[in-house]
Amino acid sequence: MPAPLPGAVTGESAASPMTVCVDRVEDESGFRALEAEWTALLGACSDRNLFLSWDWVSLWWTIYGQGSRLHLLVARDAGGQLLGIAPLKKRRLSVLGVGLGQVVEFIGTGGDVTPERLDFIIRPGAEAPVAAAMVAALYEDGSVAGLDLKPMAASSPARPFLVAALAGHGGHAATETPHSVCPVLTLPPTWEEFVHGRSKNYRKKIGEYQRRGARDFGATVRLTTSPDELGRDMSVLIDLHARRWDGSSRAFRTPAYVEFHRRFAERLLAAGRLRLFVLDSPNGPLAALYCFAQDGRYYFYQSGRDPERSRHRPGLVLMHAAIQHAIEEGVGVFDFLSGGEAYKYIWAGEEQASVHLEHWRTAPARFVARARPWLRRVRHPLTPELAPPTPSESGGSL
C-alpha cells in the first residue's frame, strides 16, 4: 500500500477487506487538481446530480466560500484509485463569542444560491468502507464539533452507512429529519404519449393560451444558443423575474447571486447543457425559463414573466414548450426542484426527498446549532436572507 498523503487517515471496514486511505484537502490548489478525477467519479455513479458536479461546486466555493474553510475528504484504495469525495467545508460554531468548535457541512449550503439533494460521491459498491473511513477521518480532527448535512439526498446509497458509522462516535446517534421535496415528472418517450396522458381540460387550456399568445403578440419560443444571446437572455430572465415578484423573491437580488448564475450559465452553454427558453414577441419578451440539462434530466431552476400579460399565461405556455423540447431531446426526467408550489403538480406526479442529517459530539454544540436559526430570526426579523423565501429560490412561480 502506498504511503498515505499528509493528513490522511487509513482504515478498513469490518464489512469489507478493502483498505481505504482518506486525505483531507484544505487548499485551493488541491481542490483544483481534483477536477478531472471528480468528473470521472461522478460519471460512474448512478445519480449524477448536477449539484455535485465540479462546475457547480467549484463555482459556488469561489463566490460563496469566504468565511468557511475547505474540508474535502478524498478516499482512495491501496492502489491509489479514487473511491470517493466528500464535498465539505468547515465553519466556526460559537455563541456570545465563545467558540464551540467547527461544524462540517456540504459545500453549497449557507449562500443565497442553493443546491438540491447533496451527497458524498462514492464509487458504487464501495459505500460501506468509504463511509466508515470518512467518518473516522472527520472525527480524528478534534476541532470538529459535529456534522450538519443538508439537503442530503434521501435516496443516497451512502446515507445508511454514514448513519451507522456516526453511531460509534461521541456517544450520540445521528438524527435525520425531513428537509425538502422536489416534484419530478417522468417523461414518456414521445410527445404524443405525453399529450394524450394530459387531461382534456389541460389540452384545451394550453391550446387556447398558445393561440391567444400567437394572435395577440406573435409569441414564439426561442432557445439561447450563443454567447451573445446568453448575455441578453440572462438580463431578460432577471428583469422578468423581478417584475413578476416586485421585490418579494430573493432570487437575483444580490450581486453574488447574479454573478454565480451568469458564470454558471456560461459554463453550461459551452458544455451544451444550458436550456434557457424565452417566449418572445416583436414587442418584447413575455416569459423566460432557466433550466439545466444533464444525463437525461432537466433541472428547472428559475423563471420570470411579464406580469402585465398574466391573462395569456405565458409561463405555462413556455413550460409546456420546454417539456416538449425535453421529450424530443430524449430526456427521461423533468425535475422541478424544491418547493411545493401548486403549479408544479400540474405536471409532476412523483417526489424526490432530501433529509437533514445531524451528528453532534456534545450537547452544547447540538443545542446551539439548533437554536441559532431561531435566535437570528428573533434578533433580525426583517433581514431578507433570514426570512422564509417566497417564492422558493428554485423555481418561483409561473
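As the structure is a prediction and not an experimental result, all values here were calculated from the model. Residues take their numbers from the sequence shown, with the count starting at 1.
For the pair Arg243 (side chain) and Pro307 (backbone), a donor-acceptor distance under 3.5 Å is absent. Side-chain atoms of Arg69 do not come within 3.5 Å of backbone N or O of Glu26 as any donor-acceptor pair. Side chain of Tyr209 to main chain of Leu316: no donor-acceptor pair is present (N/O by atom type, distance under 3.5 Å, no hydrogens or angles). The backbone N or O of Ser310 lies less than 3.5 Å from no partner atom in the side chain of Arg305, so there is not a single donor-acceptor pair. In this structure, the side chain of His241 engages the main chain of Ser303 through a donor-acceptor pair within 3.5 Å. Glu127 places a side-chain N or O within donor-acceptor distance of the main-chain N or O of Gly125, the cut-off being under 3.5 Å. Listed for the Arg361 side chain is a donor-acceptor partner under 3.5 Å among the backbone atoms of Tyr139.
By the criterion of side-chain heavy atoms lying less than 4.5 angstrom apart, applied directly or through intervening Ile, Leu, Val, Met, Phe, Trp or Tyr residues, Val278 is not grouped with Phe252; the two fall into different hydrophobic clusters. One hydrophobic cluster, built from ILVMFWY side chains closer than 4.5 Å, holds both Leu223 and Leu279. Linking ILVMFWY residues whenever their side-chain heavy atoms come closer than 4.5 Å, directly or via other members, leaves Phe161 and Val74 in distinct clusters. One hydrophobic cluster holds both Val25 and Phe106 under the rule that ILVMFWY side chains link at heavy-atom gaps under 4.5 Å.
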Subject >> Stepwise side chain to side chain donor-acceptor pair (under 3.5 Å) check, Ser29 with Asp27 >> reply: CA-CA 6 Å; Ser29 61; Asp27 61 275; 2.5 Å; yes
**OP:** Using the side chain to side chain contact (heavy atoms under 4.5 Å, CB included) rule, take Trp61 and Glu28 through it: C-alpha gap first, then chi angles, then the decisive distance, then the call.
**Re:** CA-CA 10 Å; Trp61 178 256; Glu28 302 283 348; 2.9 Å; yes
**OP:** Just do the side chain to side chain donor-acceptor pair (under 3.5 Å) check on Glu350 and Thr186 with the steps written out, would you?
**Re:** CA-CA 8 Å; Glu350 305 168 59; Thr186 299; 2.5 Å; yes
**OP:** Check step by step if side chain to side chain contact (heavy atoms under 4.5 Å, CB included) holds for Leu286 and Val317.
**Re:** CA-CA 10 Å; Leu286 307 174; Val317 170; over 6 Å; no
**OP:** Evaluate side chain to side chain contact (heavy atoms under 4.5 Å, CB included) for Met319 paired with Ile346, printing each intermediate quantity in order.
**Re:** CA-CA 11 Å; Met319 180 67 77; Ile346 294 173; over 6 Å; no
**OP:** Could you go through the salt bridge (Lys or Arg N to Asp or Glu O under 4.0 Å) check for Asp141 and Lys90 one step at a time?
**Re:** CA-CA 11 Å; Asp141 181 349; Lys90 293 198 298 188; 2.9 Å; yes
**OP:** Begin with the C-alpha distance, continue with both residues' side-chain angles, and end with the deciding distance and a verdict on side chain to side chain contact (heavy atoms under 4.5 Å, CB included) for Val130 and Phe120.
**Re:** CA-CA 10 Å; Val130 171; Phe120 285 39; over 6 Å; no
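Gly315 and Ala287 get closest at one heavy-atom pair: N-CB, 4.2 Å. Summarising the geometry of Leu240 relative to Gly304, their closest heavy-atom pair is CB-C, 3.6 Å, with the distance given to 0.1 Å. Nearest heavy atoms, Leu337 versus Lys344: O-NZ, 3.4 Å. Counting all heavy atoms, side chain and backbone alike, Pro282 lies closest to Gly218 at CD-O, 3.8 Å. When all heavy atoms of Ile327 and Pro188 are compared, the closest pair comes out as CG2-O, 3.7 Å.
Side chain to side chain, His356 and Glu176 fail the donor-acceptor criterion of an N or O pair below 3.5 Å. In this model, no donor atom of one side chain and acceptor atom of the other lie less than 3.5 Å apart for Arg32 and Ser58. Side-chain contact check for Arg232 and Ser226: no donor-acceptor pair (N or O, by modelled atom type) lies under 3.5 Å. Side-chain contact annotation: Tyr298 with His325, donor-acceptor N/O pair under 3.5 Å present.
At least one side-chain heavy atom of Lys89 sits under 4.5 Å from a side-chain heavy atom of Thr109. When side chains are defined from C-beta on, Thr62 counts as touching Arg263, because their heavy atoms get closer than 4.5 Å. No side-chain heavy atom of Met152 sits under 4.5 Å from any side-chain heavy atom of His179. Looking only at side-chain heavy atoms (C-beta outward), Ser180 and Glu116 come within less than 4.5 Å of each other. Residues Tyr301 and Leu276 are not in side-chain contact: their nearest non-hydrogen atoms beyond the backbone lie 4.5 Å or more apart. Side-chain contact between Pro314 and Asp306 is absent, with no heavy atoms from C-beta onward closer than 4.5 Å. Residues Arg262 and Ile238 meet the side-chain proximity criterion, which asks for heavy atoms closer than 4.5 Å. Inter-residue side-chain proximity for Ile85 and Trp54 is flagged as unmet; no heavy-atom pair is nearer than 4.5 Å.
A ring pair (Phe, Tyr, Trp, His ring centres under 6.0 Å) with His320 holds for exactly one of Phe334, Tyr343, Trp191; it is Trp191.
A salt bridge is defined here as a Lys NZ or Arg NE, NH1 or NH2 lying under 4.0 Å from an Asp or Glu carboxylate O, and Asp47 with Arg117 fails to meet this definition. By the 4.0 Å N-to-carboxylate-O rule, Asp112 lies too far from Arg250 to be salt-bridged with it. Salt bridge status for Arg309 with Asp216: absent, with no side-chain N to carboxylate O gap under 4.0 Å. Remark: Asp55 engages Arg273 in a salt bridge, criterion side-chain N to carboxylate O under 4.0 Å. Checked for salt-bridge contact, Arg91 and Asp148 meet the test: a charged N lies under 4.0 Å from a carboxylate O.
Atom CD1 of Ile121 sits about 6.0 Å away from atom CG of Leu41, to the nearest 0.5 Å. Between the CG atom of Leu187 and the CZ atom of Arg297 there is a distance of 10.0 Å, given to the nearest 0.5 Å. Residue Arg222 holds its CZ atom at 4.5 Å from CG of Asp280, rounded to the nearest 0.5 Å. The line from CZ of Phe260 to CG of Leu59 is 4.5 Å long, rounded to the nearest 0.5 Å. Interatomic distance, CH2 of Trp38 versus CG of Leu72, reported as 5.5 Å (0.5 Å rounding). Of the inter-residue distances, the one linking Leu83 atom CG with Met18 atom CE reads 5.5 Å to the nearest 0.5 angstrom.
Ring planes of Tyr202 and Trp347: perpendicular class, angle over 60° (limits at 30 and 60°).
Atom CD of Gln66 sits in a sparse spot, with 12 or fewer heavy atoms from other residues, nucleotides or ligands closer than 6.0 Å.
When ring centroids are compared, Trp56 and Phe264 come within the 6.0 Å threshold. The distance between the ring centers of Tyr290 and His261 falls below 6.0 angstrom.
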